[in-house]
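Heads up, the thing below is written out as structure tokens.
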Number of protein chains: 2
Amino acid sequence: MAKVDTSLVAHLPLFAGVKPEELDDVLREARSARYPKNTAIFEQGADAQSFFLLLHGHVRAAKTTPTGEQIVVRYVAPGETFGLAMAIGAAHYPATAIAVDDSVVLIWPTSAWPRLIERFPALATNTMQTVGKRLQESHTRILEMSTQQVEQRVAHALLRLANQSGKKLDHGIEIDFPISRQDIAQMTGTTLHTVSRILSGWESQGLVESGRQRIILREPHRIVVLAERNQDSGAA
Amino acid sequence: MAKVDTSLVAHLPLFAGVKPEELDDVLREARSARYPKNTAIFEQGADAQSFFLLLHGHVRAAKTTPTGEQIVVRYVAPGETFGLAMAIGAAHYPATAIAVDDSVVLIWPTSAWPRLIERFPALATNTMQTVGKRLQESHTRILEMSTQQVEQRVAHALLRLANQSGKKLDHGIEIDFPISRQDIAQMTGTTLHTVSRILSGWESQGLVESGRQRIILREPHRIVVLAERNQDSGAA
DNA sequence: CGGACAGTTTGCGATAGCGCAAAACGGGCC
DNA sequence: GGCCCGTTTTGCGCTATCGCAAACTGTCCG
């Protein structure tokens with residue numbers, strides 16, 4: 001089993017308040033694994049046997065309806081935890097996790113959780129805050145879906161992605177993993193057609209540069225304006 | 001300060017795993033208060049100085065945009081906690097809480113939380129599960145908003161309310177607190193006009209009986225059908 | 001008992017966004 | 001180098017839902 005250097009993960013929010021010497025004990029309970037691009041890490045509805053910490057790569061968490069429609073719950077960036085079903089008392093994963101890029105994760109067995117938080121209460125506190133933050137983001141998303149039109153929601157979504165996983169280029173910010181129009185549609189509650197139209201429009205205005213599963217924000221500032229504008233403002 | 005009988009709250013999920021004799025210690029740190037109908041318990045953005053447990057009545061948690069639009073985050077039923085900002089590491093309340101009926105709550109100072117969970121770790125675990133459940137509900141709501149049309153969403157919302165706070169009558173289930181079309185609109189991401197039209201339609205089909213801030217589901221089963229139907233099914 | 005008002009109903013255009021379908025595109029693979 | 005497939009683009013008609021406006025109604029208050 002690969003040994004993980006504590007210094008690589010010590011600064012993560014999950015481990016805030018855990019002493020360096022203790023950290024080693026926590027990591028000892030984990031194993032690491034690599035998931036190639038486009039492979040599933042776990043499936044919605046499966047037994048929640050493990051929880052995860054993403055070290056490298058990017059993971060998409062998506063939820064599927066009985067009738068097959070999907071939404072993207074979130075994109076997981078390196079340093080974030082996912083698959084926390086057990087912490088919230090769920091026996092099964094409520095969503096599917098897929099590596100969208102070659103990804104490396106740490107994996108703890110669910111069964112280790114009670115022992116871990118007993119020994120390191122900070123883990124429980126930190127996880128609580130993480131889940132709480134996600135709840136708030138979730139509410140924000142509901143608020144946006146309720147009050148904004150599609151173009152604004154797409155703008156917000158891209159800005160968040162850029163913020164979370166943007167690679168700075170001299171001519172803009174590139175979203176650092178493969179993402180399709182369909183994915184963005186599933187993040188914003190619309191269709192890939194509409195997303196495509198919007199991005200085409202932006203592209204012709206020089207706001208973005210985009211291609212197959214690739215998006216570069218050329219004018220983040222002007223996209224912020226789009227995201228925040230009230231529905232009345234008129235354009236030429 | 002009013003003394004709260006432990007036996008009244010011992011069975012609540014919040015206190016699962018807390019011994020009866022310990023429970024008294026937890027309650028000793030709280031005070032109780034009564035909020036008349038339509039009064040605010042806390043405002044979005046205010047310092048999160050307390051957290052709450054609802055004993056009687058009903059509370060609406062709502063989030064407001066900078067531009068004044070609102071959504072209903074949830075309705076709190078007796079026995080549920082709310083205002084947990086501190087547990088999730090937020091210094092300010094992310095939403096406003098309003099008593100929709102005369103309500104009685106237990107109030108703990110935020111500052112007591114660290115001490116409480118240290119002494120009674122079960123509180124932390126239980127709260128974690130509560131927040132986790134809310135996160136999942138939130139995702140479900142996003143899924144619905146993304147994939148279903150308004151009528152189905154309204155059906156789901158009413159069924160949930162009936163389930164959570166329904167009073168059984170011989171001729172149906174009544175939602176046990178005052179709720180307006182506007183409120184339902186803010187739960188489902190639509191307008192009060194559309195909700196009104198939908199309820200009028202249902203009323204003329206005998207599915208519901210409704211009036212000023214009052215809704216009775218007469219035919220819950222048939223409403224379930226509405227909630228679950230795929231968008232293609234046609235009616236006579 | 002008569003307002004006054006908050007909540008509700010309803011009509012009628014306007015339209016954002018969907019859904020379908022077809023074509024263009026771009027990359028990787030053999 | 002050429003083929004194949006998943007992704008993206010775009011046109012076009014359709015409609016669910018909004019937005020505005022006006023009328024209506026049940027309740028509470030004086």
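These figures come from a predicted structure and were not determined experimentally. Chain letters run A, B, ... following the sequence lines, proteins first, then strands; residues in each count from 1.
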*Between the side chains of B/Thr190 and B/Thr188, does any donor sit under 3.5 Å from an acceptor?*
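There is no such pair (donor and acceptor under 3.5 Å, judged by atom type) between the side chains of B/Thr190 and B/Thr188.
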
*Side-chain donor-acceptor pair present, A/Thr64, A/Gln70, cut-off under 3.5 Å*: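 Side chains of A/Thr64 and A/Gln70: pair found under 3.5 Å.
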
_Base, sugar-phosphate or nothing for B/Ser196? Non-hydrogen atoms, less than 4.0 Å._
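It contacts base atoms.
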
*Checking all strands, does A/Ser180 fall into the base, sugar-phosphate, or nothing category for heavy-atom contacts under 4.0 angstrom?*
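Counting heavy atoms under 4.0 Å across all strands, the contact made by A/Ser180 is with sugar-phosphate only.
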
*When rounded to the nearest 0.5 angstrom, what is the spacing between CD1 in A/Ile216 and OG in A/Ser210?*
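Taking CD1 in A/Ile216 and OG in A/Ser210, the distance rounds to 9.0 Å.
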
Of all the choices, [options], which nucleotide is nearest to the side chain of [X] once you look at every atom?
{"X": "B/Arg197", "options": "C/dA16, C/dG11, D/dA21", "answer": "C/dG11"}
{"X": "A/Thr191", "options": "C/dT8, C/dG19, D/dC18", "answer": "C/dG19"}
{"X": "B/Val150", "options": "D/dT17, C/dT8, D/dT9", "answer": "D/dT17"}
{"X": "A/His193", "options": "C/dA21, C/dT10, C/dG17", "answer": "C/dA21"}

*Contacts to DNA chain C from residues 198-220 of chain B, heavy-atom cutoff under 4.0 Å, which residues?*
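Contacting residues: B/Ser200, B/Gly211, B/Arg212, B/Gln213.
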
*asked:* Check this for me: B/His171, atom NE2, are more than 12 non-hydrogen atoms of other residues, nucleotides or ligands nearer than 6.0 Å?
replied: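 Enclosed.
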
[X] [atom1] - [N] [atom2] separation (whole Å):
{"X": "B/Arg153", "N": "D/dT17", "atom1": "CZ", "atom2": "C1'", "answer": "10 Å"}
{"X": "A/Leu192", "N": "D/dT10", "atom1": "CG", "atom2": "P", "answer": "13 Å"}
{"X": "B/Lys37", "N": "C/dA6", "atom1": "NZ", "atom2": "C1'", "answer": "12 Å"}
{"X": "B/Asp183", "N": "C/dA6", "atom1": "CG", "atom2": "P", "answer": "15 Å"}
{"X": "A/Met145", "N": "D/dC18", "atom1": "CE", "atom2": "P", "answer": "13 Å"}

*Under 4.0 Å between a side-chain N/O of B/Thr194 and OP1 or OP2 of D/dC18, yes or no?*
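The answer is yes; a side-chain N or O of B/Thr194 sits under 4.0 Å from OP1 or OP2.
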
*Comparing A/Gln148 and B/Gln182 on DNA chain C - which has the more 5′ nearest nucleotide*: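 The residue mapped nearer the 5' terminus is B/Gln182.
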
*Please examine the side chains of A/Tyr75 and A/Ser165, heavy atoms only from C-beta on, and report whether any two atoms are closer than 4.5 Å.*
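No. Closest side-chain heavy atoms not under 4.5 Å.
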
*Answer yes or no: is there a side-chain heavy-atom contact under 4.5 Å between B/Gln164 and B/Arg74?*
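The answer is no, as the side chains (C-beta and beyond) never meet within the 4.5 Å cut-off.
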
_side-chain hydrogen bond (donor to acceptor under 3.5 Å, both in side chains) between A/Ser180 and A/Gln182, worked out_ = CA-CA 5 Å; A/Ser180 70; A/Gln182 175 78 69; over 6 Å; no

